[in-house]
Amino acid sequence: MIPYGRQSINEDDIQAVAEVLRGDWLTTGPTVTAFEDALAELSGATRCVSVTSGTAALHVAYAAAGVGPGDEVVTTPMTFVATASSAVALGARITFVDIEDDTANIDPAAVDAVVSDETRVIAGVDYAGHPIDVDALRPVADRVGALLLEDAAHSIGSTYKGRPVGALADLTTFSFFPTKNMTSAEGGAVATLDPELGRRAHEFHFIGLVRDRDRMRYPDEGPWHQEVHEYGLNYRLPDVLAALGLSQLARLHAFKKRRAEVFARYQEGLAGVDGVRLPVQRPDVDPIWHLYPLRVLDGRRREVFDSMRSDGIGVQVNYLPVYWHPMFEDLGYQRGMCPNAEAFYAEELSLPMHAELTDAQVDQVIDAVRRAVGG
Ligand SMILES: *Cc1c(COP(=O)(O)O)cnc(C)c1O
């Protein structure tokens, strides 16, 4: 089976991890700091906080934004459930708005139509690696005093109008799960441009511990003293995994280049095929392609999915509209709310996309698509 996504691990990655295992710091050490600094450098953020997953990154980002009971979070249904469920965990009320037809990203006009003074965060997702339209969303967020969050689980390494993902929104979250663009096995990070949000994110992921004497309520307690002001969790990424992340980060440019080649080969090999619609790239972005989201028309997605799976092609579907999950159904969300997202879901089929795919494998996938839709 050709997997739809997988990691690329080389000897440098293995050595980087082994070196940390032989050293003094398995966690809370210098490799974590080095990884966070390198992430900030790459993403143009002023601060990055590494965490144990992309889901943790979202939880930390919403907590840093101060999301709590009574607050509204406006987001897209075309994402992994964690974009919304991690805000529910903090007591937020989620409003789902529809997506744009070309990119499957959150539609700024739809956001504009629903936001209010209760909106604390507007959370977009760079679906497949294609950045959200930040310049259209920013004035909407500013108008109601909301923060902009970019779930960049798909898009570390992408740029929008020449600016890197990580330097666009108030808070940006990354995932380093093995199928993503780079990996630390499990892992994630929060990037921000705002020192106060960075401090809050760091504290929440570190059990809420305050160790800065200037901020302590009881600064004269003693040299051992640390204190907690607000609830936090332990979401620390260990140095062992940060070493893998740091080593992978050095390879991100090469991963992006190979993913672009695979994308271009699909675009060329599938051009003009009846019964499918190919993904598009807007002129002002340079995405790292995490997914290749083909659209299968005429109600034939399931049939094409089954045919390709039996041909040994590990296709996937990304995503079930979030409010179709029983968790959200049980909260009262009803089908039909976001027709573009539901139509997109009905047609979407993710073809294999990762840096280790060979041209021969890509051609094998293209042939399988042609057979499946032609037959
Ligand atoms: C993968 C993913 C997440 C969650 O990341 P994990 O590291 O798997 O917890 C969140 N949002 C999106 C869009 C994702 O693709």
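In this chain, numbering begins with 1 at the start of the sequence shown. Remember, it's 1-based here, ligands and their atoms both numbered in the order they're listed.
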heavy-atom search around atom 3 (C) of ligand 1 in the protein gives Phe80 CD2, 3.5 Å
May I ask you to decide if the ring planes of Tyr345 and Trp324 are parallel, tilted or perpendicular, using 30° and 60° as cut-offs?
-> perpendicular
Ser53 heavy atoms, cut-off 4.0 Å: which ligand 1 atoms fall inside?
-> 7 (O), 9 (O)
From the candidates Glu186, Lys180, His290, the one that places a heavy atom nearest atom 1 (C) of ligand 1 | Lys180
For Ala153, counting its heavy atoms only, list the atoms of ligand 1 lying under 4.0 Å from any of them.
-> 2 (C), 11 (N), 12 (C), 13 (C), 14 (C), 15 (O)
Any Lys/Arg nitrogen of Glu203 or Arg215 sitting under 4.0 Å from an Asp/Glu carboxylate oxygen of the other?
-> yes
Going by the order shown, which atoms of ligand 1 are within less than 4.0 Å of some heavy atom of Thr55?
-> 4 (C), 5 (O), 6 (P), 9 (O)
Sub-6.0 Å ring centroid separation between Phe35 and Phe176 = yes
When you look for heavy atoms under 4.0 Å from ligand 1, do you find them on the side chain of Tyr127, its backbone, both, or neither?
-> neither
Which atoms of ligand 1 sit under 4.0 Å from any heavy atom of Ser175?
-> 1 (C), 5 (O), 6 (P), 7 (O)
Polar atom proximity, Thr79 to ligand 1 (N or O, under 3.5 Å) = no
So, Tyr127 side chain and Asn318 main chain: donor-acceptor pair closer than 3.5 Å or not?
-> yes
For the side-chain contact (heavy atoms from CB on, under 4.5 Å) test, which of Asp102, Val285, Val125 pairs with His130?
-> Val285
Which of the atoms in ligand 1, numbered in the order shown and given with their element, are less than 4.0 Å from a heavy-atom of Asp151?
-> 10 (C), 11 (N), 12 (C), 13 (C)
Check whether any N or O atom of Gly54, backbone or side chain, sits under 3.5 Å from an N or O atom of ligand 1, and answer yes or no.
-> yes
Phe344 six-ring face occupied by Arg295 cation (under 6.0 Å, within 45°) | no
Mind checking whether Tyr4 and Tyr292 have ring centres under 6.0 Å apart?
-> no
